[in-house]
Protein chains: 2
Amino acid sequence: MKAKNLSITIDGIDKKILRKLMEDARTPILEIARLVGISGAAIHQRLKKLEKSGLISGSQCIIDHKVLGYNTLAFVGVYLDKTMSHLDAVKLLKRIPEVLECHFTSGQWSLFVKVVSKNNAHLMHILNEDILTISGVLRTETFVSLDQQIDRQIQI
Amino acid sequence: MKAKNLSITIDGIDKKILRKLMEDARTPILEIARLVGISGAAIHQRLKKLEKSGLISGSQCIIDHKVLGYNTLAFVGVYLDKTMSHLDAVKLLKRIPEVLECHFTSGQWSLFVKVVSKNNAHLMHILNEDILTISGVLRTETFVSLDQQIDRQIQI
DNA sequence: AGTGAAAATTCCTGGCA
DNA sequence: TGCCAGGAATTTTCACT
């Protein structure tokens, strides 16, 4: 079977570079070079290629919510009135800082939202005061994540 | 109102450092220093403090699934037989590379899973061949993300 | 694609205000 | 806390293979 002809071809060395940077984005290029066994300059140009291809879309440092006192993670299914445009609802959801993800989904809900909060009372406040007050939001269904056991990116 | 006495106190400079690194984890310290208006050494010791406090739990480069051909994102609610231990189920879910998140949730489902796949056929395969074949999994409910409009970390 | 070398930049530590 | 200074390390580019 022929490989799909995307704009990038990734070999074993690229994979090693990616795996290392997915684990720690601040790993020095020279350290990767030593790990992989080729020169720093080579790693450098491979990295540029990977960035240019869009495979690496950026990097970020990860903030631990819990250290900030955000101990609750929840998913919220949102039912929208058919007169409410999804995009307008999303625009208003964006203004709620605790909303981290918002998906337009197939199935029973119009929108599906991931929310963090400090505790259950805070979550209730976000639901009642912030989300349900958006005009066009009919009702919501909430699922609290009691424990997150897997959290990762796709494996390379 | 008194601020909660957590183990860290974060001032405006810390926030600027964090915001920059959340946007690009590879930003040089000296660039942040110029941005903020204090010396690199000061940024350096603040960063160490932030890492030590656990607020910064790491960094990672972000891979764009779509460039790898993973075009579908879905959420799957999993119903487990009461004889099946959640932890065993999670152990088996971990072996499915397309499973990126797994939560133990309140509500109707035992587990709630985020999955990426190349297309709908691939998603069906993951559901039928990988997830439903786990012993103890009774049935699943799937919600496909047709479009993700918000994806961010908590704002500092 | 990879290498080695060189220049610019950055990291990081210690001493001091 | 923050700043400065300077040696070590890293990034980045370039000519060559």
Side-chain angles (χ1 to χ4, degrees), chain A residues 1-64 67-69 153-156, chain B residues 2-64 67-69 153 155-156:
Chain A
M1 197 192 292
K2 222 189 294 182
K4 238 201 210 152
N5 198 6
L6 296 172
S7 50
I8 6 148
T9 318
I10 295 169
D11 64 11
I13 293 178
D14 290 320
K15 287 185 188 175
K16 283 184 187 168
I17 297 171
L18 286 168
R19 285 199 202 106
K20 190 63 191 163
L21 289 174
M22 286 167 76
E23 178 187 311
D24 178 3
R26 289 187 74 93
T27 312
I29 288 180
L30 286 177
E31 194 181 318
I32 301 174
R34 285 186 291 264
L35 223 65
V36 174
I38 61 177
S39 73
I43 302 285
H44 186 262
Q45 64 188 35
R46 274 169 181 270
L47 252 182
K48 280 206 300 190
K49 183 191 67 182
L50 290 169
E51 281 166 7
K52 202 170 144 200
S53 76
L55 213 199
I56 295 180
S57 66
S59 67
Q60 53 184 38
C61 78
I62 307 300
I63 300 303
D64 187 339
V67 176
L68 288 176
Q153 286 196 75
I154 208 163
Q155 277 123 308
I156 304 285
Chain B
K2 219 188 299 181
K4 240 203 210 150
N5 198 6
L6 297 173
S7 51
I8 5 147
T9 318
I10 295 169
D11 64 12
I13 293 178
D14 290 320
K15 287 185 187 173
K16 283 184 189 170
I17 297 171
L18 286 169
R19 283 198 203 105
K20 190 61 191 165
L21 288 175
M22 286 167 75
E23 180 186 309
D24 177 4
R26 289 187 75 93
T27 313
I29 288 181
L30 287 176
E31 192 182 320
I32 301 175
R34 285 186 292 264
L35 222 66
V36 174
I38 63 178
S39 73
I43 301 284
H44 188 261
Q45 63 187 37
R46 276 168 180 270
L47 252 184
K48 280 206 301 190
K49 185 190 66 182
L50 290 169
E51 281 166 7
K52 202 170 141 201
S53 76
L55 213 201
I56 295 180
S57 66
S59 66
Q60 54 183 34
C61 79
I62 307 300
I63 300 303
D64 187 338
V67 176
L68 289 177
Q153 285 196 77
Q155 276 123 310
I156 304 285

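Just so it is clear, the structure is predicted and the values come from calculations on it, not from any experiment. A, B, ... follow the sequence lines: proteins, then strands. Residue 1 opens every chain. Heavy atoms only: backbone and side chains are in, while hydrogens, waters and symmetry mates are out.
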Contact under 4.0 Å: [X] side-chain N or O vs [N] OP1/OP2:
| X | N | answer |
| --- | --- | --- |
| B/R26 | C/dC11 | no |
| B/R46 | D/dC3 | no |
| B/H44 | C/dC11 | no |
| A/K48 | D/dT12 | no |

Measure [atom1]/[X] against [atom2]/[N] and give the value in whole Å, please.
| X | N | atom1 | atom2 | value |
| --- | --- | --- | --- | --- |
| B/Q45 | C/dC12 | CD | C1' | 11 Å |
| A/L47 | C/dG2 | CG | P | 12 Å |
| B/I32 | C/dT9 | CD1 | C1' | 15 Å |
| A/K49 | D/dT12 | NZ | C1' | 18 Å |

Carboxylate-amine/guanidinium proximity below 4.0 Å for A/K20 and A/E23: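 Here A/K20 pairs with A/E23 in a salt bridge, since their nearest N and O are under 4.0 Å apart.
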
Nearest to the side chain of [X], heavy atoms from C-beta on, is which of [options]?
| X | options | answer |
| --- | --- | --- |
| B/A42 | D/dT1, D/dT13, D/dC3 | D/dC3 |
| A/L30 | D/dT10, C/dT3, C/dC11 | D/dT10 |
| B/A41 | C/dT3, D/dT10, D/dA5 | D/dA5 |
| A/R34 | C/dG2, D/dT10, D/dG2 | D/dT10 |

Heavy-atom closest pair, residues A/I13 and A/I38: CG2-CD1, 3.9 Å

Residue pair B/R26 / A/S59: nearest heavy atoms and the distance that separates them: N-OG, 3.6 Å

Sugar-phosphate only, base, or nothing, as touched by B/E31 at under 4.0 Å among non-hydrogen atoms: nothing

Reported CG-to-CD1 distance for the pair A/D14 and A/I8, which is rounded to 0.5 angstrom: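 These two atoms lie 9.0 Å from each other.
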
